[in-house]
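Here is the naming used below: chain letters follow the sequence lines, and residue numbers restart at 1 for every chain. Computed from a prediction, not measured in an experiment: that's the story for all the values here.
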There are 2 protein chains.
Amino acid sequence: MSEPIFQYRHPHPAVTVDCIIFGFDGLQIKVLLVQRKSEPFAQHWALPGAFVQTDESLDACATRVLQKECSISGVYVEQLYTFGLPERDPRERVISVAYMGFVKTTDFQLIAGNNELQADWQALDQLPVLAFDHHAMIQKALERLRGKIRYQPIGFELLDVKFTIPQLQQLYEAILGKNLDRRNFRKKILSTGLLKQLDEKQQNVAHKAAYFFAFDQQQYQQLMQEGIYLELL
Amino acid sequence: MSEPIFQYRHPHPAVTVDCIIFGFDGLQIKVLLVQRKSEPFAQHWALPGAFVQTDESLDACATRVLQKECSISGVYVEQLYTFGLPERDPRERVISVAYMGFVKTTDFQLIAGNNELQADWQALDQLPVLAFDHHAMIQKALERLRGKIRYQPIGFELLDVKFTIPQLQQLYEAILGKNLDRRNFRKKILSTGLLKQLDEKQQNVAHKAAYFFAFDQQQYQQLMQEGIYLELL
DNA sequence: CCAAAAGTGTTTATAGTACACCCATGC
DNA sequence: GCATGGGTGTACTATAAACACTTTTGG
């Protein structure tokens, strides 16, 4: 079987989708990376990504990439930015549409796809050298995340179904890169009405056990429908 | 001279850049449109846009489009969103990177390019039927504009070098779609320190003449360097 | 009983909101 | 002198920020 050839009357760039998926392990923010099997940048770590297929929307491509390369599915992702400098890929002109998303690292068992050596979570403050302009992509995603977390309950997507308020605060501090006042944080976050307290407490901790809370999805939907702009910090 | 052919081993989409340029005429927000000369959507109004060239960055493409199709130059534009539904162009798969920008309508004399019948400003609330998914692009740009105007001094780019505070307020009201209190608006906008009052007043108005103000570019640069997050509303 | 983190309330400062009267100008 | 829009200040309310002690738990 000979390779098919696609012809156009004008030069066409290739278009890829790359995904910046953030995860939180209770202490640090991590980002999902895959180790490349093939050139260019073989052996290098990179964001999961793939060429957009002809009949596939950009959103669908992002979903497919995560499924194929990391075995992750059912994740909400949103478009971040499109990177299109002419020299960003050594092979040919490649324009990349970056998507970002948030998950609980514990929800998925990462399985690398056929074109990847491995897939893993890596801490933001000790990233390896990355392929292409993927470092810039992560930077852009972080900026967006820091802006977003102030008015959208992203935090909840990164934490377990049940979590304590100090855990939530730790997440916010990790994202914002600064410490917050415990009392004010609790007051503010509870005032949104988006958290419901569970009867359950932490166990086996060498200090007073914290209550678990859960994110009230229903309440969130309702607030969004009413068009309320909620400030979280 | 026969047409050149470009060949690839995988299907490649075409990539375009479309520009949503907002202008303000003192009363309404307008958007810059061109009337298409050729198919598809010949005669229809559309956003200025063009195919990305091989050695051209996306930003550069946006600049080129505005120059060629409308004779506008020296405008700051920023990337908005990338539209990539498979069916958005009847010819072939076309992915479009949308850019947005803000200008004073009076700063430019619009001259349509060779592939456009005309270029003109059109009011947002009475747009014609537009080519492709350009209506959705304008909607997205408006949402972004409404968010942006709350913390970035976009208003100043849309107004003349000198403007009165009531004019500025009218602009904000046009963008946000609601009325603001005159006294509070003045207080808030002056408290940023970004406006310097000029000695000059309005002339030939049948009421008390308003003072002109100018945007203090230097002050703005300084505030941005200090990383101050300024709320404008 | 000690270390470590959870939980809780009050005070102060700052920012937002609502609101009414006088002023300058052209006709 | 009248209609039109420009300019100004104050009181009230709500939100943000600062801050210290008591409680629970495991070791």
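- Ion pairing of A/Asp133 with A/Arg88 is present here, as a side-chain N (NZ or NE/NH1/NH2) and a carboxylate O approach within less than 4.0 Å.
- For B/Leu190 and C/dA15, the CG to P distance is 15 Å, given to the nearest whole Å.
- With rounding to whole Å, A/Phe185 atom CZ is found 15 Å from D/dA16 atom C1'.
- Considering only the side chain of B/Lys187, C/dT17 comes nearest among C/dG9, C/dG7, C/dT17.
- The residue among A/Lys188 and A/Ala209 whose nearest nucleotide of DNA chain D is located toward the 5' end is A/Lys188.
- In terms of modelled atom types and a separation under 3.5 Å, the side chain of B/Arg36 and the main chain of B/Ala46 share no donor-acceptor contact.
- Heavy-atom distances under 4.0 Å link DNA chain D to B/Ala206, B/His207 of residues 191-207 of chain B, given in residue order.
- Between the side chain of B/Lys208 and the base of D/dT8 there is no donor-acceptor pair of N/O atoms closer than 3.5 Å.
- The CZ atom of B/Arg186 sits 11 Å away from the P atom of D/dG9 (whole-angstrom rounding).
- Residues meeting the side-chain hydrogen bond (donor to acceptor under 3.5 Å, both in side chains) test with B/Lys37, sequence neighbours left out: none.
- The aromatic rings of B/Phe41 and B/His44 lie perpendicular to each other, with more than 60° between the two planes, well past the 30° mark.
- Listed by first and then second residue, the ring pair (Phe, Tyr, Trp, His ring centres under 6.0 Å) pairs that reach into residues 190-213 of chain B come to none, sequence neighbours excluded.
- Listed by first and then second residue, the ring pair (Phe, Tyr, Trp, His ring centres under 6.0 Å) pairs that reach into residues 168-200 of chain A are A/Tyr172-A/Phe185, sequence neighbours excluded.
- For the pair A/Leu159 and A/Phe24, the minimum side-chain heavy-atom distance is below 4.5 Å.
- Proximity of residues 163-184 of chain A to DNA chain D (heavy atom under 4.0 angstrom from any strand atom) is restricted to A/Asp181, A/Arg183, A/Asn184.
- Under the side-chain hydrogen bond (donor to acceptor under 3.5 Å, both in side chains) criterion, A/Gln152 pairs with A/Lys148, not counting sequence neighbours.
- Ion pair B/Arg183/B/Asp181 flagged as a salt bridge, since at least one NZ, NE, NH1 or NH2 atom sits closer than 4.0 Å to an Asp/Glu carboxylate oxygen.
- Rounded to whole angstrom, the span from the OH atom of B/Tyr211 across to the C1' atom of D/dG5 amounts to 16 Å.
- Rounded to an integer number of Å, the gap from A/Arg150 CZ to D/dA16 C1' is 13 Å.
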